[in-house]
Amino acid sequence: MERYNVGCLLTETNGRLCGILTDRDIALRVAGPARDPWKTTVAEIMTPDPIRISVDKDVHHLTSLMHAYHVRRVPIVNGFDATVGIVTVDDLIAILGGEMSDIGKAIAEQSLSGSA
Amino acid sequence: MSLRSFCGKRLVSISPERSIAEACWIMKAKDVGCLVVESQGKLCGILTDRDIALKVTGEERDPMTTMVEEVMTTDPVRITVDSDLPELVSLMHSRHIRRVPIVDASGMTLGIVTLDDLIALFGYEMSQLGGTISEASERSAA
């Protein structure tokens with residue numbers, strides 16, 4: 001997590017998604033109860049069988065899934081349940097922010113040309 | 001909009017001489033990912049669940065004997081309560097942070113504001129604007 005600067009790892013077994021592990025899980029489920037990180041396995045503290053989305057679903061489906069399940073990270077899987085990626089609330093905000101900024105610029109330019 | 005509206009709620013603090021085990025307990029009980037560290041009523045640090053995962057568990061330190069002050073980010077970026085929203089946004093942007101403690105002129109912590117708070121606020125404002133536009137176009141069509 002430190003090396004790749006991520007806060008979340010996906011757990012896979014036999015090529016299929018089986019869990020998700022966050023830095024918060026480590027803080028609260030290992031450090032909190034003073035467990036030995038060498039003897040504690042990922043399987044013991046991860047969230048098993050996490051909410052996932054199929055790669056052919058659209059963004060609207062994704063946002064309703066995030067809303068309904070109160071999750072901010074969703075692994076993306078293919079038809080064989082193999083992980084092909086992960087999408088986070090932050091990714092969506094970054095895209096929407098970019099779109100909003102483009103719309104804002106378009107409106108500002110229109111009102112400039114309108115007043116000229 | 002004043003930063004005062006972000007003050008009061010959800011501020012969970014701890015003293016720098018407390019143990020990491022206690023900090024974990026508080027984070028879990030209060031369901032927060034970040035504690036504000038205060039010494040004699042003044043902001044002196046910030047501690048996140050990620051700090052604990054990487055600097056305590058990751059470095060095999062004992063959470064019972066490791067103190068908050070050994071792991072926290074010392075002297076964190078803060079904003080005074082009389083600043084405005086654009087100042088806050090540019091501070092988050094330039095310092096690459098998503099949580100900013102709000103302090104008064106004497107350095108006392110009054111609250112904490114997060115990127116999520118701002119996104120929620122802007123999301124609400126956008127939905128209000130969207131509503132205004134659809135109502136206006138319905139009226140002109142009628």
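Just the heavy atoms: all of them, side chains too, but no hydrogens, waters or symmetry mates, feed the values below. In this text the structure is predicted, and so the values were computed from the model without any measurement. Here is the naming used below: chain letters follow the sequence lines, and residue numbers restart at 1 for every chain.
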Check A:Gly32 against B:Ala21 and note the closest heavy-atom contact, atom names and distance.
O-CB, 4.4 Å
Please tell me whether B:Leu11 and B:Ile46 are part of a single hydrophobic cluster in this structure, the criterion being side-chain heavy atoms less than 4.5 Å apart.
yes
Which portion of B:Asp116 sits near chain A, non-hydrogen atoms under 4.5 angstrom
side chain
Between A:Ile93 and A:Val87, is there shared hydrophobic-cluster membership here, with clusters defined by ILVMFWY side-chain heavy atoms closer than 4.5 Å?
yes
More than 12 heavy atoms of other groups within 6.0 Å of B:Lys55 NZ
yes
Please rank B:Val56, B:Leu115, B:Ile20, B:Ile119 by heavy-atom pairs under 4.5 Å with chain A and give me the top one.
B:Ile119
How long is the gap from CH2 on B:Trp25 to CG on A:Leu28, to the nearest 0.5 Å?
12.5 Å
So, A:Arg24 side chain and B:Val32 main chain: donor-acceptor pair closer than 3.5 Å or not?
yes
Segment of A:Arg35 engaging chain B (4.5 angstrom heavy-atom cut-off)
neither
What residue, out of B:Thr48, B:Asp51, B:Thr57, has the most heavy-atom pairs lying under 4.5 Å from chain A?
B:Thr57
Does CG belonging to A:Asn14 count more than 12 external heavy atoms closer than 6.0 Å?
no
What are the two closest non-hydrogen atoms of A:Ala27 and B:Cys24, and how far apart are they?
O-SG, 3.3 Å
Within the supplied structure, the quantity of interest is the number of heavy atoms (other residues, nucleotides, ligands) at a distance under 6.0 Å from B:Gln40 CD; does it exceed 12?
no
Say whether A:Leu21 and B:Leu54 are linked into one hydrophobic cluster, either directly or through other cluster members, by side-chain heavy-atom distances under 4.5 angstrom.
yes
Heavy-atom contact with chain A under 4.5 Å, split by part of B:Arg98:
side chain
In terms of heavy-atom pairs under 4.5 Å with chain A, which of B:Ser19, B:Ala53, B:Gly58 leads?
B:Ala53
Do B:Val113 and B:Leu43 sit in one hydrophobic cluster, given that two such residues count as connected whenever their side-chain heavy atoms are within less than 4.5 Å of each other, even indirectly?
no
Contact part of B:Met27 toward chain A, heavy-atom cut-off under 4.5 Å: side chain, backbone, both or neither?
both
Inter-residue atom distance A:Ile26.CD1 - B:Asp49.CG, 0.5 Å rounding
10.0 Å
If Ile, Leu, Val, Met, Phe, Trp and Tyr residues are connected whenever their side-chain heavy atoms lie under 4.5 Å apart, and connections chain through other members, are A:Val74 and A:Leu10 in the same group?
no
Name the member of A:Asp90, A:Val89, A:Val30 that forms the most heavy-atom pairs with chain B at distances under 4.5 Å.
A:Asp90
